[in-house]
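Below you'll find the structure, written out as C-alpha cells, and then a few comments.
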Amino acid sequence: MTDTRSRRLVSRPYLTYALQRVVQAAVVVLLAYCFTFLVISVLPGDPVSNTLRNPENNFTEDEIARIIGYYGLDQPIHVQLWESLTRFLRLDLGVSLRSNLPVSRAISEVIGSTVVLALSALVVAVVLAFGVAYGVRNLPTPLARPLRALPSLFLSVPNFVIGLLLINVFAFQLGLFFVTDSEGGTATFFAAVALGIPVSAQIAEVLIANLDHESRQEYASFATSRGLSRSRLFWRHLLKPSSLPVVTVIALTVGELLGGALITETIFGRTGIGSLVQRAVTTQDLPVLQAVVVLAAVTFVVVNLVVDLVYPLLDPRVDLRGATKRVRPVTEAVPA
Amino acid sequence: MAPQDRLNALSEGGTATLEVPPATEAGAPPVLVSVRDLCVSYGGHQVVSDVSFDLPRGHRLALIGESGSGKSTIARSLLRLLPAGVGKARGTIEVQGQDVLTLPERHFRPLRGRTIGFVPQDPASSLNPVRTIGSQAREASALLPGDLSKAQRHQAVVEVLQRVGLDDPERVLASYPHQLSGGMLQRVLIGFAVLPEPALLVADEPTSALDVTIQKRILDLLDELRDSLDISLLLITHDLAIAAERADSVVVLKDGRVQEAGPTARVSSAPTSDYAKRLHADVPALNPDRYADLRDVGAARRARASDEGPKIAVRGVSKTFTVDRSRLTAVDDLSFEVPAGTTHAIVGESGSGKTTTIRLLLGLETPDAGSIEVAGERVDGRTHGELRSLRRHLQFVYQNPFTSLDPTWKVERLVREPLDRFRIGTKDERRAAVREALDAVGLDQTLLARRPDALSGGQRQRVAIARALVLKPDVIVLDEPTSALDVSVQADIVQVLLTLQAELGLTYVFVSHDLALVRQLAHTVTVVRRGRVVEEGTVAQIFDAPREDYTRTLLDSIPDAHHGRTS
C-alpha cells in the first residue's frame with residue numbers, strides 16, 4: 001500500500017482484465033471476417049461469371065479452373081468459409097481478381113499513404129481541439145464566446161466541402177501546393193486539415209463540456225481558495241480529469257477517420273486505400289473488398305483495445321474488480 | 001482600525017437587528033473581518049440582503065441558517081468564489097482592513113490561503129480525483145513563506161498532517177482521494193488550509209458529510225488549531241447545536257437576512273427573534289423531550305400490548321457477503337424485538353450494517369442464519385410472490401425524497417401506485433384512499449396534480465410517507481427519513497410520524513445515525529457497530545445509563561451547548 005501506482009501496474013486484476021480484452025478483440029475480428037465473407041457471398045452477382053468469364057479480362061479456361069480451385073468456389077459455402085478463414089489466419093488475404101496479384105501486396109502498396117493521412121489528421125484534430133478548448137476557458141469573454149460555437153460549425157460542414165475550400169484557397173489562389181503533387185508534405189498537411197477538422201469538433205465538444213463540469217467541482221474552488229492562479233488551475237487541475245474521457249472519444253473517431261480518409265483521398269487525388277476501394281467496387285474485386293473491410297475492423301478493434309488497456313493506467317479511479325465490488329476505503333479508527 | 005472608528009462604522013452601517021459581539025471594551029481584540037451591508041444576487045435574484053457582522057481576531061463566529069438562508073453565499077463572497085459572471089456582491093467585506101470585494105484579483109490572490117483559509121463542505125469532492133494527495137500537497141506547500149528547500153516543504157507537509165491527526169502521513173500522501181475515508185480526507189483538507197497559517201479559517205459545513213463521532217473529532221481539531229495557531233474561525237452550519245457548542249458568537253440567517261446576532265450564550269439560551277426561537281425549538285439536541293407526550297401514547301399502548309408478543313422479532317440474524325474472495329460479515333448475530341405501536345431505533349455509523357439490516361427486514365436479502373418475523377409471519381425464506389403479500393403490512397420510507405420519487409409522475413399517481421400494484425379497491429376507492437393518505441400526512445389536495453419538482457423537500461417526504469401509508473401497513477421501516485432535510489422541516493416530519501403512530505398504532509423501525517433525533521422519538525434502541533449489536537435497551541437506559549464505551553462515545557458526539565461556554 002506504500003506505492004499505490006506501481007502496485008496498480010502489475011496488479012493481478014489488470015492482467016486478468018488485459019487478457020480478457022485481448023481475447024474479446026480476437027473474437028470480434030474473426031466474427032467480422034466471417035460476417036463480411038457471408039455478406040459478400042449472398043450478394044447478387046456471381047464473381048465467376050462476372051469477372052472471370054468477362055471477355056475483357058481474357059482469362060483462359062485453365063486459369064479460370066485454377067482460380068475456382070484456389071478459392072474453392074465449387075465447394076459448399078461453409079467449406080469455402082473454412083478455407084477462407086484458415087487462409088486469413090495464415091495472413092493470406094487471397095489474390096485480386098482484377099490484377100491477379102496478391103491482395104496483401106495491393107494493400108501494402110497504398111496503406112502507408114492512408115496511415116500517414118489518418119495519423120496527421122488525428123494530430124491536427126487533437127491540437128485543434130485542445131487549442132479551441134484552451135481558448136474557450138482562458139481567453140476574455142468576447143473572444144471565448146464565438147470560439148465556443150466553433151465545434152458545432154466544424155461538425156456541420158462535411159469534410160469534402162472543407163477539402164474543396166482548402167484546395168481552392170491554398171492550391172489555386174495562393175499556390176502553396178500543387179494538386180498534381182498530391183503526396184507532397186504541404187498537400188498532405190492540407191488533406192489532413194480537411195480530414196481533421198470535423199474530428200476535432202467532436203473532441204473539442206467533449207473537452208469543453210468536461211472542463212466546464214470540472215471547473216464547477218468543489219476541488220476547483222478549494223484549489224482557488226489556496227491561492228492557485230487561473231492558469232495553474234487549468235493546467236494542473238482541470239486538464240487531466242477533463243482529458244481522460246477524450247481518450248475514449250478518440251477511439252470512437254477512428255471510424256470517422258477511416259471513412260473520411262477515403263473521401264479526402266479522392267478529393268485530393270491521393271493514392272491510398274480510398275482509391276483501391278473505389279477500383280475494387282467498380283470492378284467487383286471481392287477479395288480486395290473483403291480484405292479492406294477486415295482491415296477496417298482490425299484497425300477499429302485494435303485502437304479500442306489499446307484505449308481499454310491504457311485507460312485504467314491513466315485514471316486511478318477505475319476499479320477493475322467490478323463496480324459492485326468496491327474497495328472499502330481505509331477508515332478512521334474510532335476509539336471505543 | 002481603532003475602536004472608535006469601528007463604533008462609528010457600526011453606527012453608520014449596522015442594521016437594527018444586529019448586535020455586535022462584546023468587543024468594545026478596552027483591550028478587546030482588533031476586528032479581523034468586518035462585513036457591512038452585504039447584498040449578493042445571482043442573475044438578478046437577491047439571495048443575501050444587508051448582512052453586517054464583525055469577527056474579532058481569535059474569535060469563533062458561526063453563521064447559522066437552513067438551505068437558502070444565504071450562509072454559504074456569504075462565505076463564498078468572502079472567499080471570492082462566487083460563480084463568475086452570475087454572482088454579484090455589493091457592500092463591503094473588509095479582511096485586515098482590505099476590502100475583499102473591490103480588490104483586484106492580482107492583489108487578492110496573495111491573501112488566498114495565506115490570510116483566508118477555506119475548509120470546504122464535502123471532503124470527497126474537494127480534492128482532484130486523478131492526482132495523488134502528495135502532488136496536491138506539494139502545490140499547497142508552495143504557499144509557504146520564505147525560501148524553503150523541497151525537503152523542508154515536504155517536512156512541513158508531513159508535520160501538518162500529523163498535527164491534524166493523520167498517523168501515517170507518507171501513506172496518505174501516496175494515496176488518491178478515493179482511497180481514503182471521509183474523515184481522513186477532511187483532515188487532509190484542514191491540513192492544507194492551515195499549512196500557510198492563515199489568520200482566518202472559513203469552514204463551510206465542515207462535518208455535515210461525516211459520521212457523528214468523526215464530526216466531534218474534526219470540530220475538536222478545529223478548536224485545537226484555533227488555540228495553538230491563533231486562527232479565527234468563521235463556521236458555516238445548519239446545526240444550531242454545533243454552533244452553540246463551538247462558537248463565541250452567532251449570526252442567525254433566514255432568506256438572506258440577519259434574524260438575530262450576538263454572543264452564543266445569549267442567543268442559544270434566550271433567543272429574541274421569532275425565527276431563532278423556532279429554530280431553537282426544532283433542534284433535537286437542545287430539546288430531548290419535545291415530543292414526549294405524543295411518544296408516550298405509543299408507550300402506553302406498548303404496556304397494554306405486551307402480552308400479545310412482539311410485532312417484529314429478529315432472532316440471531318447474520319448475513320455475509322463475499323467481496324474480492326474475502327468474506328465480509330455485514331450483519332452478525334443481530335437480534336431485537338419491537339412491540340406493536342412503538343418505535344425501535346437502530347443506531348450506527350457508516351459500515352455498521354444498517355442498510356443490510358433494512359434489506360433483510362424488507363425481504364430484499366436472505367439471511368444466512370436466524371429468522372425474521374413480522375406480525376407473526378416469517379420474512380426470510382419467502383418466494384418473490386409470497387413477499388408481495390407481506391409488503392402490504394410492511395412499508396418503507398427512503399432516506400432521500402429528492403431521488404426516491406419518479407420526477408415524471410404526479411403526486412396522485414405516486415401515492416396511488418401501491419394500490420394499483422396490489423389491485424386494491426375500485427377506481428373511486430383508490431382515489432379516496434389517496435386523498436385520505438394525503439390528509440393523514442397534512443398535505444393539501446391541491447398538490448395532487450403536482451410533480452415532485454414543484455414540491456419542497458418536506459412536501460416530498462410527506463408524499464413518500466403517504467405512499468407508504470396508503471396500503472394501511474402496520475409496520476413502516478424508516479431509513480434516515482429526515483437526514484436530507486432542514487432542521488425545521490425535520491421537526492415537521494417527526495411531528496407527522498408521531499401523530500400517525502399515536503392515531504393508527506403504527507410500528508416503526510427507525511434507522512439513523514442521529515442520536516439526538518432518536519432520543520426524541522424512539523422507545524427502544526439497538527446500537528450497532530460493524531454488524532454487531534453493541535448495546536440495546538430503552539431510550540432511558542441507553543441515553544441515561546449507557547453500559548458500553550462505544551455508546552458513550554456516540555453520546556459524547558451529540559453537540560452540547562454547555563461545552564462551548566466553558567472553553
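Residue numbering restarts at 1 for every chain, and letters A, B, ... go by the order of the sequence lines. Reckoned from all heavy atoms, side chains included, excluding hydrogens, waters and symmetry mates.
For residues 214-222 of chain A, the interface with chain B (any heavy-atom pair closer than 4.5 Å) comprises A:E218, A:Y219, A:S221, A:F222, sorted by residue number.
Using a 4.5 Å cut-off between heavy atoms, A:L228 contacts chain B through both its backbone and its side chain. For A:T141, no part lies under 4.5 angstrom from a heavy atom of chain B. There is no contact between B:E548 and chain A, counting heavy-atom distances below 4.5 Å. Interface remark: B:R76 contributes side-chain atoms only to the contact with chain A (heavy atom separation under 4.5 Å).
Minimum heavy-atom separation, B:V130 to A:K240: O-NZ, 3.3 Å. Between A:R226 and B:Q136, the closest heavy-atom pair is NH2-O, 4.0 Å.
The closest side-chain heavy-atom distance from B:R131 to A:H237 is below 4.5 Å. Side-chain contact between B:H178 and A:P316 is present, with heavy atoms from C-beta onward closer than 4.5 Å.
If you tally non-hydrogen atom pairs under 4.5 Å between each of B:D168, B:L127, B:I116 and chain A, the highest count goes to B:L127.
Here A:R230 does not pair with B:E105 in a salt bridge; the nearest charged N to carboxylate O distance is not below 4.0 Å.
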Indicate every side-chain donor-acceptor pair of residues 198-209 of chain A with a distance under 3.5 Å to a residue at least two apart or in another chain.
from, atom 1, to, atom 2, distance (Å)
A:S200, OG, A:I197, O, 2.8
A:Q202, NE2, A:E256, OE1, 2.9
A:Q202, NE2, A:E256, OE2, 3.0

